Amino acid sequence: MTTSLKHNRRFKISMPLFQLMGVEKARQTFYQLAATIKKVDIPIGSVRNCTVKTAGRDTPVRIYSPAGEGPYPAFIFLHGGGFVVGSVEHYDGFCKKITHDVNCMVFSVDYGLAPEHKFPEPVEECYEVAKWVQDHAGALHIQSGRLAVGGESSGGNLSAAICLLARERGELSLLYQMLIYPGLDLASDPAGKVEANGDCVIDPGTLKWFNDCYLKDSSDAVNPLASPVLAPDLSGLPSVCMITAENDPLRAEDELYVRRLRAAGVAVCHRHYDGVMHGFINMTGLLEEAKQAQEFVCEQLRQVFDR
């Protein structure tokens with residue numbers, strides 16, 4: 001199923017040229033931008049921070065729990081930010097909304113950022129956290145076998161990648177993947193992506209810089225764990241919800257992934273939003289579409305967990 005929400009307005013925000021700032025300044029600027037977004041604090045049972053021992057580091061994880069003892073379904077959320085910027089803090093309100101509206105536990109992963117942690121480290125790290133959640137279902141008060149994963153932008157890339165890895169290794173059972181305008185093709189020329197989308201406000205140099213920070217070598221770009229849309233076989237993957245935005249240089253690769261998943265027999269729900277840009281879902285203080293998209297995410301997860 002593909003649905004598109006249309007209107008005549010075109011929403012744009014000037015995006016900074018992160019590639020001209022250097023890593024630390026880019027992170028500070030992203031944090032400042034995120035801080036300007038109005039957030040609604042939704043009451044839930046509890047929020048606590050913990051660390052999960054993974055192969056490369058002690059990974060910070062923020063755990064959101066509904067009121068009550070559970071057990072609950074679990075949703076692993078991976079934040080966006082081009083693999084270089086962003087943190088669990090920027091998506092705190094969104095994770096609280098999911099926890100409250102879906103009545104599930106949310107595990108928001110503060111995975112290692114590039115260039116300090118390059119591909120495939122974040123993929124393996126997020127996979128290990130997901131495996132830890134599954135393996136400690138009883139202690140965490142979650143329902144065994146009711147584990148979904150998802151994320152925004154680079155977090156969507158990592159979500160798709162760990163689903164491929166889970167299928168390959170056969171030791172992690174994921175019920176669903178929520179992909180919010182993910183970057184799925186790091187091999188294609190960013191300039192071509194931007195040129196194909198005349199209303200896009202993301203500079204191609206920024207996309208290239210993110211990719212260069214993340215990848216150890218340009219040859220890594222064709223690895224399906226870096227570019228899931230290039231995976232030769234997509235059969236046997238968990239069902240997918242894909243959210244796309246009109247003014248987004250990643251739209252074409254996301255739509256291609258939808259087509260390839262469906263051709264491989266994977267159930268896909270695709271919701272497209274006209275007139276908005278990459279990153280819009282967190283802009284609930286500015287955009288009605290952001291509110292609608294967050295509601296849609298919660299609705300889809302409720303349906304999955306209620307089956």
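Every value quoted in this text rests on a predicted model; they were computed, and no experiment measured them.
For the atom pair CG (Asn103) and CD1 (Ile98), the distance works out to 13.0 Å, reported to the nearest 0.5 Å. The OH atom of Tyr181 sits 11.0 Å away from atom OG1 of Thr244, with the distance rounded to the nearest 0.5 Å. Rounded to the nearest 0.5 Å, atoms CG (Asp189) and CG (Asn211) are 10.5 Å apart. Rounded to the nearest 0.5 Å, atoms CG (Leu113) and OG (Ser154) are 8.5 Å apart. Within the model, atoms CG of Leu174 and OH of Tyr127 stand 8.5 Å from one another, a figure rounded to the nearest 0.5 Å. One finds the CD atom of Glu255 at 5.5 Å from the NE2 atom of His270 (value rounded to the nearest 0.5 Å).
Residue Asp220 comes nearest to Ala226 through the heavy atom pair O-CB, 3.4 Å, listed as atom of the first residue, atom of the second, then distance. When all heavy atoms of Met242 and Pro182 are compared, the pair lying nearest together is SD-CD, 3.5 Å. Lys291 and Thr284 get closest at one heavy-atom pair: CE-O, 3.1 Å. For Pro122 against Tyr111, the heavy-atom pair with the smallest separation is CB-CD1, 4.3 Å. Scanning all heavy atoms of the two residues, the minimum distance from Pro228 to Asn157 falls at CD-ND2, 3.9 Å. Contact between Ser153 and Gly80 at its shortest, heavy atoms only, is CB-CA, 4.3 Å.
In this structure a side-chain-to-backbone donor-acceptor pair under 3.5 Å is missing from Arg167 to Leu237. In this structure, the side chain of Gln134 engages the main chain of Glu171 through a donor-acceptor pair within 3.5 Å. Although no hydrogens or angles enter the test, the distance criterion places no donor-acceptor pair under 3.5 Å between the side chain of Ser159 and the main chain of Val149. Of the possible donor and acceptor atoms, one in the side chain of Glu128 sits under 3.5 Å from a partner among the backbone N and O of Ala55. The main-chain N or O of Lys96 is never found under 3.5 Å from a side-chain atom of His100 such that the two would form a donor-acceptor pair. The closest donor-acceptor contact from the side chain of Arg251 to the backbone of His272 lies at 3.5 Å or more, if one exists at all. Side-chain atoms of Glu152 never come within 3.5 Å of backbone atoms of Ile180 as a donor-acceptor pair (strictly under, hydrogens ignored). Side-chain atoms of Lys118 come within 3.5 Å of backbone N or O of Asp212 as a donor-acceptor pair. Under a 3.5 Å cut-off, the side chain of Arg271 and the backbone N or O of Ala293 do not form any donor-acceptor pair.
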Show your working on side chain to side chain contact (heavy atoms under 4.5 Å, CB included) between Phe77 and Val106 and close with a plain yes or no. CA-CA 7 Å; Phe77 181 79; Val106 175; 4.2 Å; yes
Show the numbers, then the answer: is there a side chain to side chain contact (heavy atoms under 4.5 Å, CB included) between Val84 and Phe18? CA-CA 10 Å; Val84 180; Phe18 289 122; over 6 Å; no
One pair to check against side chain to side chain contact (heavy atoms under 4.5 Å, CB included): Leu147 and Phe107. What are the steps and the verdict? CA-CA 11 Å; Leu147 178 61; Phe107 296 80; 5.9 Å; no
Using side chain to side chain contact (heavy atoms under 4.5 Å, CB included), reason through Asp254 and Leu179 one step at a time and then give a plain yes or no. CA-CA 9 Å; Asp254 292 346; Leu179 307 182; over 6 Å; no
Test log, rule side chain to side chain donor-acceptor pair (under 3.5 Å), inputs Asp185 and Tyr257: CA-CA 10 Å; Asp185 181 3; Tyr257 201 54; over 6 Å; no
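Under a 4.0 Å N-O distance rule, the pair Asp101/Lys97 qualifies as a salt bridge. Under the 4.0 Å criterion applied to side-chain N and carboxylate O atoms, Glu24 and Arg27 are assigned as salt-bridge partners. Salt-bridge check for Arg62 with Asp110: failed, with every basic side-chain N at 4.0 Å or more from each acidic carboxylate O. For Arg57 and Glu121, the salt-bridge test fails: no basic side-chain N is under 4.0 Å from an acidic carboxylate O. Using a cutoff of 4.0 Å between basic side-chain nitrogens and carboxylate oxygens, Glu124 and Arg169 are scored as salt-bridged.
Linking Ile, Leu, Val, Met, Phe, Trp and Tyr residues whenever their side-chain heavy atoms come within less than 4.5 Å leaves Val88 and Val109 in two separate clusters. By the rule that hydrophobic residues join a cluster once side-chain heavy atoms approach within less than 4.5 Å of another member, Trp209 and Leu17 end up as members of separate clusters.
Side-chain contact annotation: Gln19 with Asp203, donor-acceptor N/O pair under 3.5 Å present. Residues Tyr176 and Gln303 have side chains that never bring a donor and an acceptor to within less than 3.5 angstrom of each other.
Between Phe83 and Phe119, a ring centre-to-centre spacing not shorter than 6.0 Å is recorded.
Side-chain contact check for Cys269 versus Phe296: some heavy-atom pair is nearer than 4.5 Å.
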